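FYI, the numbering just counts along the sequence from 1. Values in this document were obtained by computation on a predicted structure and should not be read as measured data. As the structure lists them, so they are numbered: ligands from 1, and atoms in each ligand from 1.
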Amino acid sequence: MSNDTNSGQSTPDDAWSIATRVVSQGRPLPAPGAPVNDGITLSSTFHAGGELDYGRVGNPTWTALEETLANLEHARGALTFPAGQAAINAVLELVPVGGIVVAPEHPYSGTRGRMHELAQAGRFSLRSYRAEPDADLTDALTGAHLLWIESPTNPLLEISDIEKLSQQAHQYGTSISENATGAIVAMDATFATPYFVQPLSLGVDIVVHSATKYLAGHSDVLMGAIAANDEHLLSLLHTHRTLSGAIPGPFEAYLTLRGIRTLALRMEKSVANAGIIAQRLSEHPRVSKVRYPGLASHPGHGLAMATTGACAVISFDVASAQQAEAIADSTTLWVHATSIGGVESLIERRARWPFEHPDIPAELIRLSVGIEDVDDLWNDLNRAINENS
Ligand SMILES: *Cc1c(COP(=O)(O)O)cnc(C)c1O
């Protein structure tokens, strides 16, 4: 766990902007001849008597990444996991047997799949809510142990009022530990990243990331992370990681920290590109519906712009599932592949996935907008839409 700072650039949290801290954090102590970047520590065990003992408990390459993430999230500590799913699962394990989880109707398909699997096995019961800006969860949260927030949701891009829902969870939910009030609030902030929002400052207890996406940013690594302020929760999650064995590889941790160095540049560029493409799609005669929180017509526009930002994912509908598949198959610059958050732009028909909620329209196309030239992206997409509808 990374709540002690042994990296060199330990600056008070707010002294530098996040665009600086993505570059400066998680580096070795400055000394003549010392490396500027930490190496990749490939060791399953460590000499006895030190802080580190066994490689399943801790690793210096994880520490560099975890200290960086904790700094970016203004969190007391962060923990990394081998995938976003492993981080999500670690949080779900905090719920007592027979407890109650309140989750959005349409979260990320893997989150939904795992929650349903555990609910079906009798591990906990699940109450779902429609993620809308004015959602009131007073009833759903009564007696609940965990509130799950995802904002925007993937792929419908629904927006929640993070601050209000967190407050309701703490007021009406049931505590899992003596030093917490009400339900624990966990938020999947994969789409926004700490570049746009630090959910802990809005009342969230645990922020969860698929670091596979924007944090790592290059579609070459799977990684998950959590960050929190509550030492008790951090220690439970650390113990769970150690005992479940869901630990990241040091090479993947290194790649993720390397990716974070350019997070500010990539987020700025891909969100700017997405704004232009969403606007053009909304004026396209063959496109029936565009979901994008950066558009003034989006029901969560105001709330999103005040919290999570506009994001770089767009979803839109065409006339049929066949047309959606044909469009995704005929782009040359956009890569027909699942996932989001890499430098390269990706396109897919989302309902092709079995875990996806039946509410996701069969003709919905999800775009992950990358950092390429926006006109090259638009020309390729526009041609594919016009040729296939
Ligand atoms: C991809 C994704 C996940 C799962 O993360 P993995 O790293 O693929 O395990 C969770 N939440 C959201 C919002 C995602 O986009």
Side-chain angles (χ1 to χ4, degrees), residues 65 69 78-93 101 103-118 131 146 148-160 162 186-197 199 204 206-227 241 244 246-249 251-253 255-256 259-260 266-267 270 274 291 293 304 307-309 311-315 337-342 344-348 350 352-357 360 364 366-370:
L65 171 60
L69 286 170
L79 289 164
T80 49
F81 291 84
Q85 281 298 118
I88 290 164
N89 202 56
V91 174
L92 295 180
E93 288 293 342
V101 174
E105 240 176 317
H106 320 115
Y108 171 67
S109 58
T111 305
R112 179 171 171 268
R114 183 62 179 148
M115 284 179 175
H116 278 265
E117 189 178 55
L118 288 168
L146 174 71
W148 194 267
I149 298 175
E150 189 178 306
S151 191
T153 57
N154 180 358
L156 289 181
L157 301 168
E158 301 150 306
I159 301 294
S160 288
I162 302 159
M187 173 172 166
D188 184 332
T190 297
F191 277 35
T193 82
Y195 184 68
F196 287 113
V197 74
V204 168
I206 305 173
V207 53
V208 183
H209 289 288
S210 169
T212 307
K213 313 294 171 51
Y214 295 99
L215 290 168
H218 295 74
S219 306
D220 55 1
V221 62
L222 281 129
M223 180 66 62
I226 65 95
R241 182 180 69 177
S244 70
I247 53 159
F251 183 57
E252 284 78 2
L255 281 178
T256 304
I260 286 174
R266 290 183 288 102
M267 292 312 286
S270 50
R291 298 170 201 80
T307 53
T308 49
C311 92
V313 176
I314 303 168
S315 66
T338 195
S339 198
I340 59 156
E344 62 288 293
S345 295
L346 304 179
I347 182 169
E348 75 164 330
R350 197 54 204 165
R352 69 192 176 103
W353 291 97
F355 282 135
E356 204 50 279
H357 193 283
I360 310 303
L364 177 149
R366 188 185 69 184
L367 301 177
S368 171
V369 183

* Structure fact -> atom 7 (O) of ligand 1 sits nearest the protein heavy atom Thr212 OG1, 2.6 Å

* No-hydrogen, no-angle side-chain donor-acceptor test under 3.5 Å, Arg350 and Ser109 -> yes

* Going by distance only, is there an N or O of Gly84 that falls short of 3.5 Å from an N or O of ligand 1? -> yes

* To do: Return the residue, atom name and 0.1 Å-rounded distance of the protein heavy atom closest to atom 5 (O) of ligand 1.
  => Ser210 OG, 2.9 Å

* Asked: Quick one: which ligand 1 atoms are inside 4.0 Å of a heavy atom on Asn154?
  -> 15 (O)

* Would you check if the side chain of Arg114 reaches a backbone N or O of Asn89 as a donor-acceptor pair within less than 3.5 Å? => no

* Counting both backbone and side chain atoms, is some N or O of Asp188 under 3.5 Å from an N or O of ligand 1? -> yes

* Asked: Out of His209, Lys213, Gln85, Met223, whose heavy atom is nearest to atom 2 (C) of ligand 1?
  -> Lys213

* Asked: Between Leu346 and Ser339, which heavy-atom pair has the shortest distance, and what is it?
  -> CD1-O, 3.3 Å

* Report yes if Glu150 has an N/O atom closer than 3.5 Å to an N/O atom of ligand 1; otherwise report no. => no

* Where do Phe81 and Met223 come nearest, in terms of heavy atoms and distance? -> O-SD, 3.2 Å

* Nearest atoms (heavy-atom pairs only) where Ser160 meets Ala131 -> OG-CB, 3.6 Å

* Over all heavy atoms of both residues, which pair between Ala274 and Ile314 is shortest? Give the atoms and the distance, please. => O-CD1, 3.4 Å

* Asked: What's the shortest distance from atom 4 (C) of ligand 1 to any protein heavy atom, and which residue and atom give it?
  -> Tyr108 CE2, 3.3 Å

* Step by step, would you call Arg291 with Leu364 a side chain to side chain contact (heavy atoms under 4.5 Å, CB included)? -> CA-CA 10 Å; Arg291 298 170 201 80; Leu364 177 149; 3.3 Å; yes

* **Under-4.0 Å heavy-atom contact with ligand 1, by part of Ile88 that carries it** => side chain

